[in-house]
Amino acid sequence: GDSVTQMEGPVTLSEEAFLTINCTYTATGYPSLFWYVQYPGEGLQLLLKATKADDKGSNKGFEATYRKETTSFHLEKGSVQVSDSAVYFCALSDPYGGSQGNLIFGKGTKLSVKP
Amino acid sequence: AAGVIQSPRHLIKEKRETATLKCYPIPRHDTVYWYQQGPGQDPQFLISFYEKMQSDKGSIPDRFSAQQFSDYHSELNMSSLELGDSALYFCASSPTKLSGYEQYFGPGTRLTVT
């Protein structure tokens with residue numbers, strides 16, 4: 001079935017460092033890909049999305065490109081801030097494949113940014 | 001902008017009791033999803049509704065049931081609660097079931113079973 005694999009955390013960076021969180025997926029259909037962020041004690045917020053191959057999603061300085069050839073959707077940010085400290089989830093939705101319409105999440109990567 | 005509303009935000013129950021969680025989707029969203037997130041875990045899909053009909057079912061125990069009402073709000077009913085049911089329960093809504101449309105999550109209900 002469909003699945004998402006993302007790099008294990010926690011990840012600890014200094015402020016203004018470059019961030020990469022790797023995400024790869026397995027899907028039977030044509031999935032849409034998402035990154036969600038969860039701040040402590042809060043719900044999940046959509047960070048960015050891509051719906052087809054070579055699409056680039058971007059928001060708040062974060063970017064991710066849908067790479068079908070490598071089945072990847074890595075999250076990047078050029079300069080992280082303390083306020084970016086959170087748990088980041090990669091997810092897919094594959095309505096015509098294995099996940100139907102619901103989201104399948106990776107295990108999450110906890111990011112801590114130190115001043 | 002209106003967001004997904006969940007109530008209650010926190011709930012404490014004893015083993016074998018029942019619990020009802022409520023979700024009010026964003027207006028004009030026709031699809032509602034329920035997820036369960038255990039401590040330090042990723043959210044797991046439970047069940048979804050499209051236009052008030054059950055759409056898809058995930059890893060939802062038989063002790064749980066859910067429905068969507070005429071005003072589109074949804075309720076998750078949980079009976080014979082077990083310690084392992086302690087988790088964050090999220091409701092999400094989407095403007096459509098179609099591919100590519102993101103789901104908007106509520107703040108969650110934290111259920112503690114003692």
Side-chain angles (χ1 to χ4, degrees), chain A residues 1-10 21 23 25 27-53 55 57 59 64 66 86-110, chain B residues 1 3-7 9-10 21 23-26 29-51 53-60 66 74 87-110:
Chain A
D2 290 10
S3 66
V4 175
T5 303
Q6 63 181 101
M7 64 187 287
E8 296 285 327
I21 300 178
C23 171
Y25 68 90
T28 56
Y30 301 93
S32 295
L33 302 173
F34 306 87
W35 277 100
Y36 280 84
V37 57
Q38 186 174 31
Y39 297 100
E42 297 186 13
L44 292 143
Q45 299 176 24
L46 177 69
L47 184 58
L48 53 84
K49 73 171 188 179
T51 59
K52 61 184 186 297
D55 268 3
N59 185 25
Y66 189 142
V87 179
Y88 292 80
F89 290 96
C90 184
L92 71 79
S93 171
D94 189 12
Y96 305 108
S99 82
Q100 300 168 319
N102 54 279
L103 289 168
I104 293 177
F105 290 89
K107 295 298 181 186
T109 302
K110 183 175 181 179
Chain B
V4 176
I5 297 171
Q6 291 187 247
S7 68
R9 294 293 309 277
H10 301 274
L21 279 53
C23 168
Y24 299 84
I26 294 172
H29 282 197
D30 62 15
T31 308
V32 168
Y33 304 82
W34 285 96
Y35 293 86
Q36 178 192 58
Q37 184 180 30
Q41 302 295 312
D42 56 299
Q44 296 292 316
F45 169 68
L46 293 178
I47 194 166
S48 65
F49 292 87
Y50 172 64
E51 280 292 344
M53 299 288 289
Q54 182 181 308
S55 177
D56 301 311
K57 215 170 179 182
S59 49
I60 184 169
S74 179
L88 259 176
Y89 290 83
F90 288 109
C91 171
S93 73
S94 178
T96 175
K97 240 188 107 166
L98 294 177
S99 176
Y101 284 85
E102 56 266 35
Q103 297 178 23
Y104 296 85
F105 283 75
T109 294
R110 182 173 296 280

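Values reported hereafter were calculated over all heavy atoms of this structure, with side chains retained and with hydrogens, waters and symmetry mates removed. Order of the sequence lines sets the chain letters (A, B, ...), proteins ahead of strands, with each chain counted from 1.
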### Query
What part of A:F89 is in contact with chain B, defined as an atom under 4.5 angstrom from a non-hydrogen atom: side chain, backbone, both or neither?
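Just the side chain, heavy atoms under 4.5 Å.
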### Query
Under a 4.5 Å heavy-atom cut-off, does chain B meet the side chain of A:L46, its backbone, both or neither?
side chain
### Query
Counting only heavy atoms not in A:E8, do more than 12 fall under 6.0 Å of its CD?
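Counting other residues, nucleotides and ligands, CD of A:E8 stays at 12 neighbours or fewer.
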### Pick from B:Q103, B:Q6, B:Q44 with the largest number of heavy-atom pairs that fall under 4.5 Å of chain A
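Ranked by heavy-atom pairs under 4.5 Å with chain A, first place is B:Q103.
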### Query
Tell me, which pairs form a salt bridge (charged side-chain N to carboxylate O under 4.0 Å, His left out) where one or both residues lie in residues 38-51 of chain B, sequence neighbours left out?
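Those involving residues 38-51 of chain B are A:K107-B:D42.
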### Message
Give me the atom names and distance for the closest heavy-atom approach of B:F45 to A:L103.
### Response
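Shortest heavy-atom contact: CB-O, 4.4 Å.
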### Query
Which pair of heavy atoms, one from B:F90 and one from A:Q38, lies closest together, and at what distance?
CZ-NE2, 3.5 Å
### Query
Relative to chain B, which of A:A50, A:G106, A:G108 shows the most heavy atom pairs under 4.5 Å?
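The option with the most such pairs is A:G106.
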### Query
So what's closer than 4.5 Å to chain A heavy atoms on B:Q37: side chain, backbone, both or neither?
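The side chain, not the backbone.
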### Message
Nearest 0.5 Å, please: how far is CD in B:E102 from CG in A:L48?
### Response
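Rounded to the nearest 0.5 Å, the CG-CD separation comes out at 10.5 Å.
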### Partners meeting side-chain contact (heavy atoms from CB on, under 4.5 Å) with B:Q41 (sequence neighbours left out)
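Counting only residues at least two positions away or on another chain, B:Q41 forms no side-chain contact (heavy atoms from CB on, under 4.5 Å).
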